2 protein chains.
Amino acid sequence: MKPTIKNIAKAAGVSTATVSRALSNKDDVLKPSTAKRIRQIAQEMGYHKNVAASQLASHITNTIAVIINYHQTNFWKDIINGILQRAYELNHKVIIFSAGNNDSARLTETVNEALEHQATGILLISGKIEPAQLKILDKARMPYRLISIYDQQHPEQRFISSDNVAIGEKATNYLITHGHQKIGIVGIDHSSTGQQRLFGYQRAMTAAQLTINPHWICYGDYGYQNGQELFEKIEGHELTAVIAGSDLTAAGLIKAATKHHIHLPDQLSIICIDGSMICEITNPTLTSVTQDFYQMGVKSVDNLLNDEPSLFIPTSIHERSSVKNI
Amino acid sequence: MKPTIKNIAKAAGVSTATVSRALSNKDDVLKPSTAKRIRQIAQEMGYHKNVAASQLASHITNTIAVIINYHQTNFWKDIINGILQRAYELNHKVIIFSAGNNDSARLTETVNEALEHQATGILLISGKIEPAQLKILDKARMPYRLISIYDQQHPEQRFISSDNVAIGEKATNYLITHGHQKIGIVGIDHSSTGQQRLFGYQRAMTAAQLTINPHWICYGDYGYQNGQELFEKIEGHELTAVIAGSDLTAAGLIKAATKHHIHLPDQLSIICIDGSMICEITNPTLTSVTQDFYQMGVKSVDNLLNDEPSLFIPTSIHERSSVKNI
DNA sequence: CTGAAAGCGCTAACAC
DNA sequence: GTGTTAGCGCTTTCAG
């Protein structure tokens with residue numbers, strides 16, 4: 001006999017309504033003895049609620065749909081970890097959709113798919129998003145948040161992100177404070193994240209009345225290998241300090257600098273963005289601007305479920321001996 | 001007007017069955033013109049299928065439920081990544097359940113919750129699992145696989161895992177081949193994974209007629225900090241080589257060795273298990289036994305959906321200059 | 001405190 | 001090709 005509410009009702013000699021109540025722990029309405037007896041029978045029959053039926057009837061899913069729109073880097077993993085943790089605490093399930101790597105068509109497809117799940121809300125971990133997809137979300141009147149992306153042009157969009165402009169500015173100012181004037185920024189990319197960090201750098205430089213030599217800005221892919229390669233690009237420009245676009249970029253720069261017999265920080269000061277364990281291990285002295293992606297995941301869930309306004313995840317700077325006073 | 005199949009039917013002047021067919025792209029049965037017209041109307045009404053209703057009626061979910069039973073280490077993130085990728089390719093959704101950190105009661109709870117979702121199958125990423133939970137799964141007749149855990153005592157259980165005995169053996173034999181006899185194993189724990197690695201080590205040592213000094217076996221937690229601390233423990237035992245239980249353990253050992261002015265590999269050869277990027281960056285010369293967790297995720301999905309037998313994910317050894325010939 | 005019954009939105013025979 | 005209709009398994013008024 002298939003373990004359904006109906007069959008349990010039959011076995012217990014009660015109605016399906018009573019069984020439903022018993023299994024939903026609505027004990028305040030039921031006689032404790034019947035409730036207990038029903039649960040006992042359910043247990044014996046190996047009953048497991050059919051979530052689909054339950055959701056259909058009740059219209060509540062307690063599910064957060066997460067869309068990952070960029071798998072290349074690793075930060076989404078920490079964000080997911082935070083989401084999972086907080087979702088569990090708030091008694092929500094998490095369903096994850098993979099949308100490839102900034103593939104717009106596929107993202108649209110994925111957003112539509114997520115919408116089919118009648119989730120409580122959608123969390124979109126993205127490098128970028130286009131108006132087309134936003135329109136779908138808005139039309140569906142489904143609560144959503146953009147994680148790790150914010151758009152100064154569209155302050156009305158709800159996001160949870162690091163403040164990348166502030167990050168770039170903070171790192172730059174730190175170096176300026178220490179007397180540096182020829183400061184490079186290395187390994188950022190053309191995504192909004194990279195551009196915002198660059199903008200912060202430019203703003204700080206300009207505010208300090210420092211001129212920026214275009215050669216001091218080196219694009220890259222945030223990677224370790226790339227960091228090593230980029231070192232060659234910054235040589236010969238008399239830089240005294242460099243902002244590494246990511247922790248891996250910094251690791252690569254350090255590796256290459258060592259190989260070229262450049263002494264750090266005497267000949268070159270390095271500060272790194274996204275400083276995490278890798279930098280800590282390769283070079284515990286490295287000053288870094290760190291973001292807490294786990295926290296970003298946690299806050300995202302809170303923010304979504306409580307309908308709070310957009311949020312910047314705070315950034316902290318870990319001052320170590322990698323920056324020389326000049 | 002709520003965008004349901006019924007309302008679309010009304011708007012299009014057809015039956016709900018026809019709408020259902022059109023929206024499920026059963027175009028072989030429909031007149032192309034009506035199919036197209038219906039999809040057009042659905043689009044305009046902002047229709048999104050109600051997955052709950054669909055699943056309830058069809059009994060098919062195309063969903064893989066993943067349970068994470070151990071959040072402390074990072075390998076699950078790569079596994080999840082592989083699962084997501086492959087699941088997408090096979091047109092399956094992924095729902096993730098977090099079961100804390102080897103909390104047995106909570107795991108039971110989570111298994112039950114996963115069962116409620118009528119998934120195609122369950123993937124359990126675990127450090128360990130108990131008979132109680134296995135019994136629930138078996139009783140529910142739900143296909144499942146244990147990832148990253150295998151139990152020699154229970155060959156009937158389906159698992160996808162690295163072969164930790166082989167890994168320990170492989171690392172040990174590598175050192176033996178290079179002439180080492182006083183070999184330590186450092187940083188493993190008491191989990192089945194750790195114990196299997198230890199067992200492989202012991203087997204290789206015994207096979208080579210080498211005696212093991214109990215002090216050569218140092219327990220730890222696979223961490224970086226711990227690796228540094230453990231270095232002190234192995235000093236004074238005249239070891240010529242060491243197997244580090246994890247990449248982070250190796251990084252810690254290297255750090256501590258350098259601090260103690262021990263020259264690697266002349267005074268001590270190190271080989272590491274789980275060798276990944278961190279080791280590559282901290283010490284590109286380190287010989288390591290590597291496991292591909294991403295691949296483990298990919299294979300798990302295939303294995304589950306195609307009902308294939310248990311599988312060991314192959315391990316490879318990267319020989320570099322961290323082991324000295326003596 | 002418990003039961004009867006009307007759906008939730010969709011699918012899948014079966015009929016025409 | 002398309003319509004009719006009987007569910008899928010559960011929740012939730014509304015009665016009693």
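Chain A is the first sequence line, chain B the second, and so forth, proteins listed ahead of strands; every chain is numbered from 1. Fair warning: this is a prediction, and the values are worked out from it, not measured in the lab.
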Donor-acceptor pair between A:Tyr47 and A:Asn7 side chains, under 3.5 angstrom: no

Between D:dT11 (P) and A:Asn50 (CG): distance, integer Å: 10 Å

Show which side-chain atoms of residues 10-25 of chain B pair as donor or acceptor with protein atoms under 3.5 Å away, not counting sequence neighbours.
from: B:Ser15; atom 1: OG; to: B:Ala17; atom 2: N; distance (Å): 3.4
from: B:Ser15; atom 1: OG; to: B:Thr18; atom 2: N; distance (Å): 3.3
from: B:Ser15; atom 1: OG; to: B:Thr18; atom 2: OG1; distance (Å): 3.2
from: B:Ser24; atom 1: OG; to: B:Ser20; atom 2: O; distance (Å): 2.8
from: B:Asn25; atom 1: OD1; to: B:Arg39; atom 2: NH1; distance (Å): 3.1

Non-neighbouring partners of B:Asn164 that pass side-chain hydrogen bond (donor to acceptor under 3.5 Å, both in side chains), sequence neighbours left out: B:Arg197

Separation of atom NZ in A:Lys6 from atom P in D:dC10, rounded to whole Å: 11 Å

If you restrict it to nitrogen or oxygen atoms, what contacts under 3.5 Å exist between nucleotides 12-14 of chain D and the protein, and what is each distance?
from: D:dT13; atom 1: O4; to: A:Arg21; atom 2: NH2; distance (Å): 3.3

A:Asp292/A:Lys299 ion pair, N-O < 4.0 Å: no

A:Gln55 and A:Thr61 side chains, donor-acceptor separation under 3.5 Å: no

Side-chain H-bond candidate by donor/acceptor type, B:Ser104 with B:Glu130, under 3.5 Å: yes

Euclidean distance, atom CD of residue A:Gln118 to atom C1' of D:dT11 [Å, nearest integer]: 16 Å

A:Phe312 and A:Tyr150 aromatic ring geometry - parallel, tilted or perpendicular at 30°/60° bounds: perpendicular

Distance, rounded to the nearest Å, where B:Leu56 contributes CG and D:dT11 contributes P: 11 Å

OG-CZ distance between B:Ser148 and B:Phe159, expressed to the nearest 0.5 angstrom: 11.0 Å

Sugar-phosphate, base or nothing in reach of B:Val14, heavy atoms under 4.0 Å: sugar-phosphate

Plane angle bin for A:His117 and A:Phe97 - parallel if under 30°, tilted between 30 and 60°, otherwise perpendicular: perpendicular

Interatomic distance where CD1 belongs to A:Ile8 and C1' belongs to D:dG9 [whole Å]: 11 Å

Inter-residue atom distance B:Lys31.NZ - B:Arg37.CZ, 0.5 Å rounding: 8.5 Å

Positional range of nucleotides in DNA chain C within the contact set of chain A, heavy-atom, under 4.0 Å: C:dC1 to C:dG9

A:Ala52 or B:Gly13, whichever maps to the more 5' nucleotide of DNA chain D: B:Gly13

Quiz: residues 80-95 of chain B side-chain donor-acceptor pairs under 3.5 angstrom, not counting sequence neighbours:
from: B:Asn81; atom 1: OD1; to: A:His71; atom 2: ND1; distance (Å): 2.8
from: B:Gln85; atom 1: NE2; to: B:Glu89; atom 2: OE2; distance (Å): 3.1
from: B:Arg86; atom 1: NE; to: B:Asp302; atom 2: OD1; distance (Å): 2.8
from: B:Arg86; atom 1: NE; to: B:Asp302; atom 2: OD2; distance (Å): 3.1
from: B:Arg86; atom 1: NH1; to: B:Glu89; atom 2: OE1; distance (Å): 2.5
from: B:Arg86; atom 1: NH2; to: B:Asp302; atom 2: OD1; distance (Å): 3.0
from: B:Tyr88; atom 1: OH; to: A:Arg106; atom 2: NE; distance (Å): 3.0

Estimated bend of the helix from C:dC1-D:dG16 to C:dC16-D:dG1 (axis per five terminal pairs, rounded to 10 degrees): 30°

